[in-house]
Amino acid sequence: GPPASGKYTIARCLEKSSGVRNFHNHLTLDVAKSLFAFGTDSFWELTDRLRLVSLEAVAASGEAVVAMTMCYSHPEDEATVRAMQEVVSASGGELFPVFLECDVVELRRRVSNPSRVEMKKLSSVEGLERCLGEWNLIPIPGRGCVTVVTGGRSAEDCAEEIRQLLGLPLSEGA
């Protein structure tokens, strides 16, 4: 989903309720930003490589279900998703894309939240508008992507919907 749709917050809730590992997209972006200017070819190449090598490591371990957060822009990110699918499939795993849908009014309200500023995420309405104008943020086509509407709902409710849709277990103590 787009910036401020709830990806990180909902993934954290899934981590608590189902024991899902939360592979936060900004971990790879932060590494790439330390070496290259944001948005350059070198920046995106490193980001994609970091994501893939991380997925390869966890897939090889066979130990975890992973929620990986990212903004998918079509068709620019199709090759990246295809590579992720290959890594996950090669280990006998499955990729279950989830698109978080949120109306623009709610995105504008959320984008400047202090937690976004603290994590050095996109945190201005102007940046959000630029992102929404430049990127084609849609559900990942052809991969059985499910859509969860996040506006006006708690992260816990959205995580529970995802848990049920994907058949994830409820962890002990959740």
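This structure is a prediction, so every number in the text was calculated from the model and none was measured.
- Glu78 places a side-chain heavy atom less than 4.5 Å from the side chain of Arg143.
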Please step through side-chain contact (heavy atoms from CB on, under 4.5 Å) for the pair Thr28 and Phe23, ending with a clear verdict.
-> CA-CA 9 Å; Thr28 58; Phe23 181 28; 3.8 Å; yes
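- Here Cys13 contributes atom SG and Ile162 contributes atom CD1; the two are 9.5 Å apart, rounded to the nearest 0.5 Å.
- For the pair Arg21 and Val65, the minimum side-chain heavy-atom distance is 4.5 Å or more.
- Minimum heavy-atom separation, Leu100 to Gly6: CD1-C, 3.7 Å.
- Crowding of Gln164 atom CD: a count of heavy atoms from other residues, nucleotides or ligands under 6.0 Å exceeding 12.
- Of all non-hydrogen atoms in Lys7 and Cys71, the two that sit nearest each other are NZ-SG, 3.7 Å.
- In this structure, Leu132 is a member of the same hydrophobic cluster as Trp135, with clusters built from ILVMFWY side-chain heavy atoms closer than 4.5 Å.
- Between the side chain of Arg116 and the backbone N or O of Ser123 there is no donor-acceptor pair closer than 3.5 Å.
- Criterion: ILVMFWY side-chain heavy atoms under 4.5 Å apart, direct or through other members. Under it, Leu122 and Leu137 are part of a common hydrophobic cluster.
- Ion pairing between a basic and an acidic side chain is recognised when a charged N comes within 4.0 Å of a carboxylate O; Glu129 and Arg108 show such pairing.
- The distance from atom OG1 of Thr9 to atom CG of Asn113, rounded to the nearest 0.5 Å, is 8.5 Å.
- Shown here for Ala67 and Val20, the closest heavy-atom pair between the two residues is N-CG1, 3.3 Å.
- No donor-acceptor distance shorter than 3.5 angstrom exists from the side chain of Asp77 to the backbone of Thr80, with no hydrogens or angles considered.
- Ion pairing of Glu126 with Arg130 is absent here, as no side-chain N (NZ or NE/NH1/NH2) approaches a carboxylate O to less than 4.0 Å.
- A donor-acceptor contact shorter than 3.5 Å links the side chain of Thr150 to the backbone of Ser5.
- By the 4.5 Å heavy-atom criterion applied to side chains, Ser89 and Leu95 are not counted as neighbours.
- Side-chain contact between Pro141 and Tyr72 is present, with heavy atoms from C-beta onward closer than 4.5 Å.
- Between Ser91 and Val58 there is no side-chain heavy-atom pair separated by less than 4.5 Å.
- Nearest heavy-atom pair, His24 versus Met119, reported as atom, atom and distance to 0.1 Å: NE2-CE, 3.4 Å.
- Atom CZ of Arg51 and atom CG of Asn25 lie 4.0 Å apart (nearest 0.5 Å).
- A salt bridge is absent between Arg12 and Glu15: the closest approach of a Lys/Arg side-chain nitrogen to an acidic carboxylate oxygen does not fall below 4.0 angstrom.
- Side-chain atoms of Arg153 come within 3.5 Å of backbone N or O of Val149 as a donor-acceptor pair.
- In this structure, OG1 on Thr47 lies 9.5 Å from CG on Asp30, to the nearest 0.5 angstrom.
- Considering all non-hydrogen atoms of both residues, Val87 and Leu55 come closest at CG1-C, 3.8 Å.
- The distance from atom CD1 of Ile140 to atom NE2 of His74, rounded to the nearest 0.5 Å, is 10.5 Å.
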Would Arg110 and Cys102 count as a side-chain contact (heavy atoms from CB on, under 4.5 Å) if you check the C-alpha gap in whole Å, the side-chain angles of each, and the deciding distance to 0.1 Å?
-> CA-CA 10 Å; Arg110 292 178 180 180; Cys102 189; 3.8 Å; yes
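- Within the 4.5 Å cutoff, the side chain of Tyr8 has heavy atoms near those of the Lys121 side chain.
- Linking Ile, Leu, Val, Met, Phe, Trp and Tyr residues whenever their side-chain heavy atoms come within less than 4.5 Å places Val31 and Leu29 in a single cluster.
- Without hydrogens or angle criteria, Asp103 side chain to Val105 main chain gives a donor-acceptor distance under 3.5 Å.
- With a 4.5 Å cut-off on side-chain heavy atoms, Val125 and Ser112 do not count as touching.
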For the pair Leu165 and Val148, evaluate side-chain contact (heavy atoms from CB on, under 4.5 Å) and give the outcome as yes or no after the intermediate values.
-> CA-CA 10 Å; Leu165 285 167; Val148 173; 4.0 Å; yes
In sequence, state the C-alpha distance, the side-chain angles, and the governing distance for Glu106 and Arg109, and then conclude on side-chain contact (heavy atoms from CB on, under 4.5 Å).
-> CA-CA 5 Å; Glu106 180 68 5; Arg109 187 188 69 75; 2.6 Å; yes
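- In this structure, Ser171 contributes its side chain and Lys16 its backbone to a donor-acceptor pair below 3.5 Å.
- Residues Leu14 and Asn22 have side chains not in contact (no heavy-atom distance under 4.5 Å, counting atoms from C-beta outward).
- In terms of heavy-atom proximity, Ile10 sits nearest to Cys158 at CD1-CB, 3.5 Å.
- The closest donor-acceptor contact from the side chain of Ser73 to the backbone of Asn136 lies under 3.5 Å.
- Val53 belongs to no hydrophobic cluster with other residues, because no ILVMFWY side-chain heavy atom falls under 4.5 Å from its own, directly or through intermediates.
- Note on Leu168 and Phe96: same hydrophobic cluster, where clusters join Ile, Leu, Val, Met, Phe, Trp and Tyr whose side-chain heavy atoms are under 4.5 Å apart, directly or indirectly.
- Applying the side-chain hydrogen bond (donor to acceptor under 3.5 Å, both in side chains) criterion to Ser42, with sequence neighbours excluded, gives no partner residue.
- Within the structure, the ring pair (Phe, Tyr, Trp, His ring centres under 6.0 Å) test picks out the following pairs touching residues 30-69 (sequence neighbours left out): Phe38-Phe43, Phe38-Trp44.
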